[in-house]
Amino acid sequence: MRRYGKNPDEDDIRTRPNPKGNRPRTNIRPKHEDASQGMVLTVDRGRITCLVEDRPVLAMKARELGRKAAVVGDEVDLVGDLSGRKDTLARIVRIGKRRSVLRRTADDDDPYERVVVANADQLAVVTALADPEPRPRLIDRCLVAAYDGGLEPLLVLTKSDLAPPDALLETYRPLGIRYVVTQRDELEDGDAADRMREYLDGRATAFVGHSGVGKTTLVNALVPEDRRRVTGHVNAVTGRGRHTTTSALALPLAKGDGWVIDTPGIRSFGLHHVDPSRVILAFPDLVPGTEGCPRACGHDEPDCALDDWVAEGHADPARLYSLRRLLATRERREGD
Ligand SMILES: Nc1nc2c(ncn2[C@@H]2O[C@H](COP(=O)(O)OP(=O)(O)O)[C@@H](O)[C@H]2O)c(=O)[nH]1
Ligand SMILES: [Mg+2]
Ligand SMILES: [Zn+2]
């Protein structure tokens, strides 16, 4: 089993320049020449479980790393006891450059941004068709975070046994986003499961969504039990009996070399860190309507061309409303 994403040998973190440009890497390099590579599977109160070769290894951050946090999906270098045996603790001495970052803030006014998952290729935005009711504006926020962080979105509509997907699909189909409609009883076999695997194989996918939408149910169905034993081990190590999704957790997929990352339920998805001009990226269905906009239009002003374009019937007014809501909450922070 290897770390996810591209072949790590092609772009070894040891040969990368220091991204910050100050303190040259050569200062610390000779110290840890013998370090092993690993990938962060989960983080629990400073205890970081990494996959090293085939085994989970409990580690903590070396002091020299400063305040930079290791998050699920991070490619790290470790030293110390890498046996993975009980009561051992390795040290993470390097965190590799991230290819993508899923970030969120608690709310739009909160300047404290948190990286939820590193190096994921794809963001599965999980929404139940009922129980809990779909929240399109939360979907839109997740899409903004996906485009901003370099993750390709996949819309996963669960609990189709409770309600039909038609209304939501009508809203999201024009965006050209790939989607899967699933229900628990069809996850083992059936078209939805096959399509789902097609999208997931060979890539790292982070699953996000409101609590109760069925993320853990999906992840458990996709990852066979013997592979989930890695988690069993993790839980034994961290002393938690059952995985209750209090922190993100990466699990290897059965086929291909993909990864799925379960994350805790979210009630909101703060986007303080996103530049307002990038919010429109999550509204590809509205982008053609911005052609007639004045230069550097914020799409929230009186001469924005989107009003007329939507009034002409090119898009659902609810989409423009959602965009403006997002922009309005983003703007509130400009004054602080
Ligand atoms: N009716 C129905 N219930 C489901 C489905 N998928 C999951 N559930 C139930 O929804 C609840 C929440 O599921 P869970 O996977 O824990 O959601 P999470 O909080 O997103 O991880 C559980 O009681 C599941 O059994 C589904 O397709 N249909
Ligand atoms: Mg869960
Ligand atoms: Zn505009």
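Counting starts at 1 for both ligands and their atoms, in listed order.
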Tell me whether [X] has any N or O atom under 3.5 angstrom from an N or O of ligand 1.
| X | answer |
| --- | --- |
| S160 | no |
| Q183 | no |
| T182 | no |
| T216 | yes |
| K215 | yes |

Any idea which of K159, E186, H210 brings a heavy atom closest to atom 5 (C) of ligand 1?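 Nearest option to atom 5 (C) of ligand 1, by heavy atoms: K159.
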Considering T217, V126, T158 one by one, which has a heavy atom nearer to atom 7 (C) of ligand 1 than any of the others?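 Among T217, V126, T158, the closest heavy atom to atom 7 (C) of ligand 1 belongs to T217.
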Assess V213 for proximity to ligand 1: is some non-hydrogen atom of it under 4.0 Å away?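 Flag set, V213 near ligand 1.
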Does G209 have a heavy atom less than 4.0 Å from any atom of ligand 1?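 No, that is not the case, since the closest heavy atom of the residue is not under 4.0 Å from the ligand.
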Proximity to ligand 1 by part of L162, non-hydrogen separation under 4.0 Å: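 The part of L162 near ligand 1 is the side chain, not the backbone.
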How about R141 and S268: do any of their side-chain heavy atoms sit closer than 4.5 Å?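 Sidechains of S268 and R141: no contact.
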May I ask you to decide whether R135 forms a salt bridge with E133, counting only side-chain N to carboxylate O separations under 4.0 Å?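 Not counted as a salt bridge, because no side-chain N and carboxylate O are separated by less than 4.0 Å.
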Residue H299 atom name (nearest to the Zn ion (ligand 3); N/O/S):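 Output for this pair reads ND1.
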